[in-house]
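Take a look at the structure set out below.
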Amino acid sequence: MKTISNAANSPKHCDDHPNLQTTLMDIYHRMEDAFGDRGWWPASSTEEIIIGAILVQNVSWSNTVKAVERLNDHGLLTFPALAAASVDDIEACVYSTRFYKTKAKKLKAFATHVMTHHKGRIDAMLAQPMAPLRAELLQIYGIGPETADDILLYAANQASFVIDAYTKRIFYRLGLTPADISYESMRAWFMANLPADVSLFNQYHALLDAVGHHFCSTKRPKCEACPLRSKCLVAQGKLVI
DNA sequence: TTCCGGGTAG
DNA sequence: CTACCAGGAA
């Protein structure tokens, strides 16, 4: 069994529910033994991570990659360039992302925000403390809670736990959270019961995505091969879906 | 709640 | 051929 960072192994900031932390780390290690290092977020710059996070909203990763590459080919993979570009030109680059008109508006809105409020310096914007930065991100058109946490974790390297549809589905099936839990409640639950470690949160979300994508599908989950089968109510026939 | 509305894996 | 994808706005 692999070991992770020291911070992730020491129950420093979360001694209210030591048993729950043990459970969450057990789940983590079972997934890591199965998938190894996922290496999220695959991108070569901070700006590319943010642009990709917006484009991938409810869109497949393969279609997102096409759009990022086209933006790069047209010199639009920076916020100064996006802020100056026409919406029509951006739309042409991100056509592969299903809601391409909405995506183009979102990219331009974020780029304009960085230019207007931070003189184009994304690094300065991301250097703010987590709470005010998260609040600022949520006020930008096109940035909801999941994308804000993607940006905080993968672009700003701050320990904000990302919740997505896979996370909710897997933990409901594990019997650890309600089916209708809110985004903010579930994020707070993870962050209250795990050490605030960027590498741990990064890997944890990436591993949940892998389990969700490969095993824990909405219908016909592949429980027999799932690394979490021994902890899961569905795999043990105790929960019908 | 509904709209958005390309692309591909199965 | 259908299902559904690293969501968010109105």
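This one's a predicted model, so the numbers in the text were calculated from it and none came from an experiment. Per chain, numbering begins at 1; letters A, B, ... match sequence-line order.
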C/dA6 C1' sits how many Å from A/Leu152 CG, rounded? 16 Å
Table please: side-chain donor-acceptor pairs of residues 230-241 of chain A below 3.5 Å, with sequence neighbours left out.
| residue | atom | partner | partner atom | Å |
| --- | --- | --- | --- | --- |
| A/Ser230 | OG | A/Arg30 | NH1 | 3.1 |
| A/Lys231 | NZ | A/Asp26 | OD2 | 3.1 |
| A/Gln236 | OE1 | A/Lys238 | NZ | 3.4 |
| A/Gln236 | NE2 | A/Ser230 | O | 2.6 |

Which listed nucleotide (C/dG8, C/dA6, C/dA9) is nearest to the side chain of A/Thr147? C/dG8
What is the distance, rounded to the nearest whole Å, between atom NZ of A/Lys108 and atom P of C/dA9? 19 Å
Please state how far atom NZ in A/Lys105 lies from atom C1' in C/dA9, giving the value in whole angstrom units. 9 Å
Would you check if the distance from the ring center of A/Tyr166 to the ring center of A/Phe215 is below 6.0 Å? no
Whole-Å distance, A/Asp164 CG to C/dC4 C1', equals 15 Å
So what does A/Ile54 touch, heavy atoms closer than 4.0 Å: a base, only the sugar-phosphate, or nothing? nothing
Are there any protein N/O atoms within less than 3.5 Å of an N/O atom in nucleotides 6-10 of chain B, and if so, which ones and at what distance?
| residue | atom | partner | partner atom | Å |
| --- | --- | --- | --- | --- |
| B/dG6 | O4' | A/Arg98 | N | 3.2 |
| B/dG6 | O3' | A/Tyr95 | O | 3.4 |
| B/dG6 | O6 | A/Arg98 | NH1 | 3.4 |
| B/dG6 | N2 | A/Asn63 | ND2 | 2.9 |
| B/dG6 | N3 | A/Asn63 | ND2 | 3.2 |
| B/dG7 | O4' | A/Asn63 | OD1 | 3.4 |
| B/dG7 | O4' | A/Asn63 | ND2 | 2.9 |
| B/dG7 | O3' | A/Asn63 | OD1 | 3.4 |
| B/dT8 | OP1 | A/Lys66 | NZ | 3.2 |

Return yes if a side-chain donor-acceptor contact under 3.5 Å exists between A/His113 and A/Glu136, otherwise no. yes
What interatomic distance, in whole Å, is found between P of B/dG5 and the corresponding atom of C/dA10? 14 Å
With distance as the sole criterion, is a donor-acceptor pair present between the side chains of A/Tyr95 and A/Glu91 under 3.5 Å? no
With a 4.0 Å cut-off on N to O distance, would you call A/Arg38 and A/Asp209 a salt bridge? no
In whole angstrom, what separates A/Glu91's CD from B/dC4's P? 14 Å
By nearest-heavy-atom nucleotide on DNA chain C, the more 5' of A/Pro145 and A/Arg169 is A/Arg169
With A/Cys93, the side chain to side chain contact (heavy atoms under 4.5 Å, CB included) member among A/His74, A/Lys66, A/Lys103: A/His74
Just checking A/Leu153: base, sugar-phosphate only, or nothing, at a heavy-atom cut-off of under 4.0 Å? nothing
Nearest to the A/Lys219 side chain among C/dA6, C/dG8, C/dC4, which nucleotide is it? C/dC4
Between atom OH in A/Tyr183 and atom P in C/dA9, what is the gap in whole Å? 13 Å
Set of side chain to side chain contact (heavy atoms under 4.5 Å, CB included) partners for A/Met115, sequence neighbours left out: A/Pro80, A/Ala83
Figure out the CG/P separation between A/Asp150 and C/dG8, and round it to whole Å. 8 Å
Take atom P in C/dA6 and the same atom in B/dG10, then report the distance between them in whole Å. 12 Å
Grab the CG-P distance between A/Leu55 and B/dG5 for me, whole Å please. 14 Å
